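Worksheet: the structure to be examined is printed underneath.
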2 protein chains.
Amino acid sequence: MRVAELSRRTGVSVASIKYYLREGLLPPGERTSPNQASYGEDHVRRLRLVRALIDVGGLSVVGTRDVLAAIDDDGVSLHQALGRAQDAVMARVEPTPSDDAAERAEKTVAELVARRGWAVTHGNPGRRAAVDVLATLERLGGERVAGLLDVYAEAMEAVARHEVTAVVDPGDRERSVERVAVGIVLGGALVAALRGMAEESASARLLAPGPAAAEDPG
Amino acid sequence: MRVAELSRRTGVSVASIKYYLREGLLPPGERTSPNQASYGEDHVRRLRLVRALIDVGGLSVVGTRDVLAAIDDDGVSLHQALGRAQDAVMARVEPTPSDDAAERAEKTVAELVARRGWAVTHGNPGRRAAVDVLATLERLGGERVAGLLDVYAEAMEAVARHEVTAVVDPGDRERSVERVAVGIVLGGALVAALRGMAEESASARLLAPGPAAAEDPG
DNA sequence: CCGTTCGGATAGTTCTACTCTCCATTCATG
DNA sequence: CATGAATGGAGAGTAGAACTATCCGAACGG
């Protein structure tokens, strides 16, 4: 098929498809003549994946390209692909000011990791983000939230265990890696969404003015 | 104190402080003369809160302003403030295409809500996001992740219950509301961070090439 | 044959979050 | 009280991200 049909099938404008081709998110079509190309079902699939990662997962175009590159690279293992997907999702962790609060947060996280027996590298983006959040909470006086660290950890441990086992499959490597990436990115969105629902529910039960409290909080 | 000191104490440039004043994220200082103003500790606190919500929580400037407006508005209850904070965090849920997948996702979420006995309004942003993710997963063939819905729900129910109870406090309303907002926003960042750590750990145990699998996945 | 579509490249647009520049005060220091 | 730095306020400018529009000459297709 040609660009117009690819656009129709996916709902992505021709201009955007050209942009994604330029940026390397979509492989070029098979050339049928010096300036004509044809696209297949793989392109439809890939384009849908791109839009899912960007629109639903909230990845940047560059982050999406990095994830797709990991999927396409046969030398990248499942474990490594998971790391790449995490890097793309958490691409917002800059050098923390490194003060007292940051040091204490670092220690708190290290203790949590030891307590739970987690195998987490020092450079894990989630780890850096956790330190950042805890240090920020201390600076703001949010000790009540920070005190729930073990609750969060316990919940996320269960989630991660199920996610990783659900996604493992010793079949087609490329599909497996793709599933890992989709799982990391969209799983994160799903976690956030369900947390939002659970929060409203808990809030309605515990905070709403009375038993007739069905006010729309939006 | 004057701007320069406020800037020094918070690490925010004078230009940015002026910008936040213009955008209504920071209340104007107390005027000491027609064109001179003085700022207090409240401004320092507020400015730190602004940076936390933007830098760590990932909110937009507009979203931050909405959250702060809810905190400052005495007519906003804790339950309502929680809703405002959620709106700000999930400000990326546009009209879904509304096809078969979306309808099935809607039904799946409704069943989940009924199954768990959650009190969730139809307009909850998390609910819309959940429908969006599930519909996207179906379109991509990510049934393995979608099948973990109850695992996610169970984990998030525990998280939300603890968060809401930890944050409730029948004291100073404004501080309480602020704590709710901080809890929603930074709690979300903490959940994502810990999930990242737990994923790497689970992946290292289940997917890594062998027992010597201490490779840095970054 | 000739109007439409194509691939490819360059330039332009929109949005966000600042950042810079002015300017007429006002402060602070000698 | 002179004078240089800082202030508040407003407007314009900037950088990056993600498109979007316009051209172009070649190819397709009825």
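All values derive from a computational prediction rather than experimental measurement.
Side-chain N or O atoms of A:Ser201 include none that pairs as donor or acceptor with a backbone N or O of A:Met197 at under 3.5 Å. The closest donor-acceptor contact from the side chain of B:Arg46 to the backbone of B:Leu26 lies at 3.5 Å or more, if one exists at all. At distances below 3.5 Å, not a single donor-acceptor pair connects side-chain atoms of A:Arg195 with backbone N or O atoms of B:Val159. A donor-acceptor pair under 3.5 Å links the side-chain atoms of B:Ser7 to the main chain of B:Val12, judged by distance alone. Using modelled atom types, one side-chain atom of B:Thr10 and one backbone atom of B:Leu6 make a donor-acceptor pair closer than 3.5 Å. The closest donor-acceptor contact from the side chain of A:Arg144 to the backbone of B:Val167 lies at 3.5 Å or more, if one exists at all.
Along DNA chain C, the stretch of nucleotides lying under 4.0 Å from any heavy atom of chain A spans, 5' to 3', C:dC6 to C:dT10.
When every heavy atom of B:Ala153 is checked against every heavy atom of A:Leu194, the shortest pair comes out as N-CD1, 3.9 Å. The shortest non-hydrogen separation linking A:Glu200 to B:His79 is O-CE1, 3.8 Å. The minimum heavy-atom distance between A:Leu134 and A:Ala105, with the atom names listed, is CB-CB, 3.8 Å. Considering all non-hydrogen atoms of both residues, A:Ala70 and A:Val177 come closest at O-CG1, 4.3 Å.
Residue pairs that meet the ring-ring contact (aromatic ring centres under 6.0 Å, His included) test with at least one member in residues 44-74 of chain A, sequence neighbours left out, do not exist here. Residue pairs meeting the ring-ring contact (aromatic ring centres under 6.0 Å, His included) criterion with at least one member in residues 24-77 of chain A, sequence neighbours excluded, are A:Tyr39-A:His43.
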Quiz item: Can you give one letter per nucleotide of nucleotides 14-30 of chain D, going 5' to 3': B for a protein heavy atom under 4.0 Å from the base, S for sugar-phosphate only, - for none?
Solution: ----BBB----BSSSS-
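Residues of residues 37-45 of chain A having a heavy atom closer than 4.0 Å to DNA chain C, listed by number: A:Ala37, A:Tyr39.
Per the geometry, CG belonging to B:Leu21 stands 13 Å off P belonging to D:dT7, to the nearest Å. Per the geometry, CE belonging to B:Met1 stands 17 Å off C1' belonging to D:dG8, to the nearest Å.
The CZ atom of A:Arg104 sits 8.0 Å away from the CG atom of A:Asp99 when rounded to the nearest 0.5 Å.
Recorded end-axis angle for the helix from C:dC1-D:dG30 to C:dG30-D:dC1 stands at 0°, based on five pairs per end and rounded to 10 degrees.
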